[in-house]
Amino acid sequence: MDLRPIGVFDSGIGGISLLRNMRALLPKERFIYYGDEKNAPYGTKTEEEILALSRRDVDFLLSFDVKAVVIACNTATSAAAKSLRSELSLPVIGIEPALKPAQLSRRGGAIAVLATPATLRQSKFLKLMELYGEGAIPVPCPGLMEFAEKGITQGKELDDFLTELLEPVKSLSLDGAVLGCTHYSFLAGAIRKALGGVRLFDGNDGTARQLRRVLAERQLLSDAQEGSVQFYTSGDAESALPLMEKLLAYPIEL
Ligand code: DGL
């Protein structure tokens, strides 16, 4: 048993969508959540920049004596998970686009994979495509995370943005869409509407289960009476922290 907290980071508020699943599955754990708002977005940066920022995020979390690190960001997982795992002695859990479950439920139609440009061009994703990419169409979504970051999860501005962004896949016969960026789970309703009601997949549940598995294997689970969440940001705490609290309770319907 281990009462130390679990460190979680993302470029901003996106990872809170994963934090919700982790909280539900591991209610006795303490979570330290760090959003690197000051340097967001990560998804339009180079691999080297994302790795350097991820190392700084981890350094911040290590100052809380965390027992594990969760990279609650598909972009940072692709660019940094491998290096961080070789540099750290504690477990590092990452998230990747949920292409496998989407593929398993495919019925001959196409699957749109929405993610940041950085996630989609990296070898981690290309390998995933080799395994589960049949019928999958990658859709880079620069500019989309910014809506969630501003707390805009519905409305005309977002609908118009999505209509234009998703135009290339809208006419296809889609069986589903993968939300390959943790920010997009907060935009699920608007994305479903823009795609005409398809089934959506995110990697949050699978990643939360992986965290529980790893903690259990290493006897790192907490047996505290109850867990907690503490939020930190590199950005403007006055605007970011209340939004983080709000999103922890925001209903997500995939
Ligand atoms: N939330 C992030 C992800 O899962 C990235 C958003 C960004 O910083 O571009 O990919």
Side-chain angles (χ1 to χ4, degrees), residues 10-18 35 37 39-47 49-50 73-76 78-79 95-99 102-103 105-122 125-126 128-129 132-204 235 239 243 246-247 250-254:
D10 178 40
S11 59
I13 51 84
I16 294 168
S17 64
L18 168 56
E37 259 92 10
N39 297 299
Y42 281 12
T44 47
K45 291 187 165 55
T46 65
E47 281 70 359
E49 287 171 323
I50 300 164
C73 175
N74 294 260
T75 310
S78 317
I95 185 167
E96 64 179 17
L99 197 50
Q103 186 60 250
S105 72
R106 199 167 76 92
R107 299 281 170 267
I111 305 276
V113 187
L114 281 55
T116 67
T119 295
L120 295 178
R121 70 168 176 257
Q122 290 182 72
F125 179 72
L126 300 179
L128 196 64
M129 279 292 277
Y132 306 108
E134 209 187 318
I137 321 279
V139 184
C141 301
L144 184 54
M145 69 79 84
E146 284 82 346
F147 283 89
E149 213 43 59
K150 285 185 218 146
I152 303 171
T153 56
Q154 54 188 350
K156 182 164 173 2
E157 196 193 345
L158 176 58
D159 290 345
D160 290 350
F161 182 87
L162 285 168
T163 303
E164 202 180 321
L165 183 77
L166 301 175
E167 181 60 36
V169 286
K170 209 182 157 204
S171 54
L172 303 174
S173 158
L174 285 179
D175 276 346
V178 174
L179 306 181
C181 164
T182 49
H183 282 75
Y184 303 166
S185 301
F186 290 117
L187 311 176
I191 292 171
R192 185 185 298 101
K193 189 165 104 184
L195 289 175
V198 299
R199 184 155 172 216
L200 302 178
F201 300 84
D202 72 19
N204 291 340
S239 59
L243 179 61
K246 189 173 145 201
L247 290 176
Y250 184 85
I252 292 177
E253 274 175 45
L254 289 187

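Any value given below was found using the heavy atoms of this structure, including those in side chains, with hydrogens, waters and symmetry copies removed. In what follows, residues are counted from 1 in the order of the sequence shown.
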Problem - Y184 and S17, any side-chain heavy atoms less than 4.5 Å apart - result: no
Handout entry: Minimum side-chain heavy-atom gap K193-D159 below 4.5 Å
Key = yes
Handout entry: Nearest-0.5 Å distance, CD1 of residue I111 to CD of residue E134
Key = 10.5 Å
Exercise for the section: Drop me the distance from F125's CZ to T75's OG1, to the nearest 0.5 angstrom. Expected result: 11.5 Å
Practice task
Please round to the nearest 0.5 Å and tell me the distance separating atom CD of E167 and atom CG of L162.
Solution key: 12.0 Å
Exercise for the section: Report yes if some heavy atom in the side chain of L165 is under 4.5 Å from a heavy atom in the side chain of L114; otherwise report no. Expected result: no
Handout entry: Electrostatic pair R199-D175, nearest N-O below 4.0 angstrom
Key = no
Exercise for the section: Compute whether any side-chain donor of one residue and acceptor of the other, for T119 and N74, lie under 3.5 angstrom apart. Expected result: no
Handout entry: Pair listing, side chain to side chain donor-acceptor pair (under 3.5 Å) test, anchored in residues 138-150, at least two apart
Key = E149-H183
Exercise for the section: Please name all residues satisfying ring-ring contact (aromatic ring centres under 6.0 Å, His included) with F147, sequence neighbours left out, ordered by chain then number. Expected result: F161
Practice task
State, yes or no, whether a side-chain contact exists between V169 and L195 at a heavy-atom distance under 4.5 Å.
Solution key: yes
Handout entry: Side-chain touch L158/L144, heavy atoms, less than 4.5 angstrom
Key = yes
Exercise for the section: Identify whether the distance between the nearest side-chain nitrogen and carboxylate oxygen of R192 and E253 falls below 4.0 Å. Expected result: no
Handout entry: No-hydrogen, no-angle side-chain donor-acceptor test under 3.5 Å, T153 and Y250
Key = yes
